[in-house]
Every structure is written in structure tokens, then in C-alpha cells.
Amino acid sequence: MNFNEKITLLHLDVLKEIGNIGAAHAATALSDLLQKKIDMRVPDVKMVSFNEMMELAGGSENVVVGIFLRIEGDAEGSMFFVLPVEQANRFIRRLIRDESFDFNKPPCSELGLSAMQEMGNILSGSYLSALSDFTGLKIYPTVPGLSIDMFGAIISIGLIELSQVSDTVIVINTSIYEEVISDDEAVKGHFFLLPDPDSFESIFKALGVPTT
Amino acid sequence: MILTNTNDVVKVGIAQMDVVKVPRTIRTSGLGSCVGVVIYDESKKIAGMVHVMLPDSSLSRTETINVAKFADTGVNALVDMLKREGVQSFKLKAKIAGGAQMFQFTSDKDSMRIGPRNVEAVKAQLKKLNIPIVAEDTGGNSGRTIEFNPDTNKLNVRTVNQGVSDI
């Protein structure tokens, strides 16, 4: 299906609900993991150009900690969990109880890196299992990969499948916030769910939403 | 084509291309698996840049394509753009950067090794057009921001962990 032409407001609403349910579970998992209150911003579902996509996490050169995994099965796509470096540092320091850990100072300790990977695993797992329960689709996440680099360089791998059929991307974006003490600490993380073009039909079909 | 000019730096977005003359420089940021191709004419001090996402336009499943997105069509289109600015094609040289593999994991998806494929495709296309590659910084697993100055013919490559270099 050519999603540029056929996606309606109803479809975007359905995708928004998917993001909502998935991210609510992930936020709960993160909250449990860190023993901290985590807030979630209702997801944003947008059809954006590739270059607009680069602006969703502070620009293509912005350095972030990114977890990436592929979704395989009845619906396919790419999923990213992206955190500003300072936020990731806070989470990992808390998890491994090591205040000296810093993603800005490689080589980072194996423990910290694997804690980050595991956090990505838990969060994306809970996001996707909620999605799977909701849609009844069988979906399998790959083992997540971790990269600390420019946002543009990280996110572009998620645009490869889409770029073969379109110059725009439908992104299901959820922001999560740590309950903060002061405003300058109010940095946020993002989940980006980028379904492959052929998967929209499977998702809508599973939910009984007409696509023609 | 979207241009934003600040301080005489012309920015090229993902799947876009443009051409500059001195004193302007041309830049693209956050290259991962994508490849930034710079083609320039030293004598005329003109340079073009394309930010290629995919190796081959045959991968496209749409009727109309954005030529700058693919290595085969992007390199050709950039050369055409340069010719319209009056360069002589036998004088053209190229510098390329990017084509990294940002994440290490196993997947049978071909798209996961898109970086090396993009580099190969860019090289094949430049060879077809007899444009020599003077310098390259490709592969690895780091993102890159590149800026070319047609006055010095230097390509500045910036990475997060491996610092800055001029090639």
C-alpha cells in the first residue's frame, strides 16, 4: 500500500494508541528498574521528511545514547530508544551504583555498557509485548545494538527500508521524562517506532481498521 | 532542494545535494551508513556534495525518485549540476566519507550492511565517470560530519570519538 496516499487521520489515531500502550508499559518498566517516577508524554504520530526526522531529537549532530533493534515477524520495523548522554549517564550510574561512569569518556566500562543494553532490552521488550498483546500480531525483537554517536548517524539505519518506497516517514514518537528536581534537569528520552511500509497493512488489518 | 545559509556554509540534508563556489563551504552532518560524496574542480573552485542513502535506484519502489537518494543517480546528477556551473568534467576529483556500520549485530536483513554497499556503489559510479577518488574516510562504526572548502580542497571530517581530521 502506498501509505502516503492512504493513511488517514483514523490511521494516525490508531498508531498513536499503539504508541501510547507500548510506551506506557515501557515507562512502567523503567520506573520499576530505577525505582523512580517516570512520566510519559502522549505520543506524537507524524508523517515527516527525513530531514524533519533529524530534528526530533535535537538535530542530526546531537550526540545521543541510542539503542536500536529490528522488529521481525507479522509486522516489521525499526525501534529506537534514544537518550541525551547526561540522562543516560544518570540512569546507568543509578543502576550500577558507580558515579564515575560516563558515556562521554570512552572506553566505557563493560558493566555500564551492558547495563545500558539490558535497559534497552527490557524497555523495548515491554513496549513490544504490549504492542503484540494489543494487536495479536506475533512480533520478535532482535537483540538490541548500542551506539553513542550523532543522532543522524544512528537514526538513518531506521530510514533505509522506508527510503525505498518514500521520502517521508511515519514516526511514532513517545517522550519519557524523569521526575525532575529542577527545570534544567528536564531532559527527555524518546522511543521512536518506525514500522516498515509493508507492515502498516498488517497492523491495521489486525486491528480491524480498513485500509482502502 | 532546501538550503539554509549561515556563515557561508551551505548545508546538505540527507538525500539532498548542492553546489558551492568559494568563499562558501559545503557541509553535511550526522552521516552514518550514508555516504557523503564531494566532487570538485580545483581550477574553478567549485564543489558539489550529495548525501547518498541507498546504493542503487533499482531499490526504489516508487515511480518518481529523488535522484540524490541513490549512489548511481546521485553521483550523475551532481556531475550534471556541476557542469551547469561550467566545470570541465575531465578536471573533476572526488572525496568521500561515511558508509559506517553504526550497530553491530546479526540480522539476515541486507539493509543492515547498507554502509559498505553504499561505499561500493559510490566508487563504482565514480569509476564509470572516470572521476578519481583523491581521499576517503569510510567504513568503521562512527558517525561523521563533513565539510568541504573549495578554496583549500580539504574535506574536514569530524567524529564523536575519533576527533577531527582533514583529508
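Below, read A as the first sequence line, B as the second, and so on, with proteins coming before strands; counting in each chain starts at 1. For the numbers below, each heavy atom of this structure counts, side chains included, while hydrogens, waters and symmetry mates do not.
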Q.
For a 4.5 angstrom cut-off between non-hydrogen side-chain atoms, does Ser147(A) reach Asn141(B)?
A.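 Of all side-chain heavy-atom pairs linking Asn141(B) with Ser147(A), none is under 4.5 Å.
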Q) Within a strict 4.5 Å, meaning less than it, do heavy atoms of the Val160(B) and Ile148(A) side chains meet? A)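 A side-chain contact under 4.5 Å is absent here.
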Nearest-0.5 Å distance that lies between atom [atom1] in [X] and atom [atom2] in [Y]:
X: Lys69(B); Y: Asp167(A); atom1: NZ; atom2: CG; value: 3.5 Å
X: Ser29(B); Y: Phe151(A); atom1: OG; atom2: CZ; value: 12.0 Å
X: Phe103(B); Y: Ile67(A); atom1: CZ; atom2: CD1; value: 8.0 Å
X: Ser163(A); Y: Ile65(B); atom1: OG; atom2: CD1; value: 11.5 Å
X: Ser33(B); Y: Ile154(A); atom1: OG; atom2: CD1; value: 12.0 Å
X: Ile160(A); Y: Ile114(B); atom1: CD1; atom2: CD1; value: 5.0 Å

Q. Should the pair Arg27(B)-Glu61(A) be classified as a salt bridge under the 4.0 Å nitrogen-to-oxygen rule?
A.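 Here Arg27(B) pairs with Glu61(A) in a salt bridge, since their nearest N and O are under 4.0 Å apart.
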Q. In terms of heavy-atom pairs under 4.5 Å, which option from Ser60(A), Ser49(A), Ala153(A) contacts chain B the most?
A.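 Ranked by heavy-atom pairs under 4.5 Å with chain B, first place is Ala153(A).
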**Q.** Interface residues of residues 36-58 of chain B facing chain A - non-hydrogen atoms under 4.5 Å apart
**A.**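 Within residues 36-58 of chain B, the residues under 4.5 Å from chain A are Met53(B), Leu54(B).
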**Q.** Choice from Gly30(B), Gly32(B), Ser142(B) maximising heavy atom contacts with chain A below 4.5 Å
**A.**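 Answer, by heavy-atom pair count under 4.5 Å with chain A: Gly30(B).
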Q: Measure Met54(A) against the heavy atoms of chain B and call it side chain, backbone, both or neither at under 4.5 Å.
A: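 When you check distances to chain B, only side chain atoms of Met54(A) fall under 4.5 Å.
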Q: Give a yes or no on whether the backbone of Ile14(B) and the side-chain of Asn51(A) come within a donor-acceptor separation of less than 3.5 Å.
A: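 Answer holds: yes.
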Q) Arg158(B) versus chain A, heavy atoms under 4.5 Å apart: side chain, backbone, both or neither? A)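 For Arg158(B), backbone and side chain are both near chain A.
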(Q) So for Thr159(B), is it side chain, backbone, both, or neither that comes closer than 4.5 Å to the heavy atoms of chain A? (A)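 When you check distances to chain A, only backbone atoms of Thr159(B) fall under 4.5 Å.
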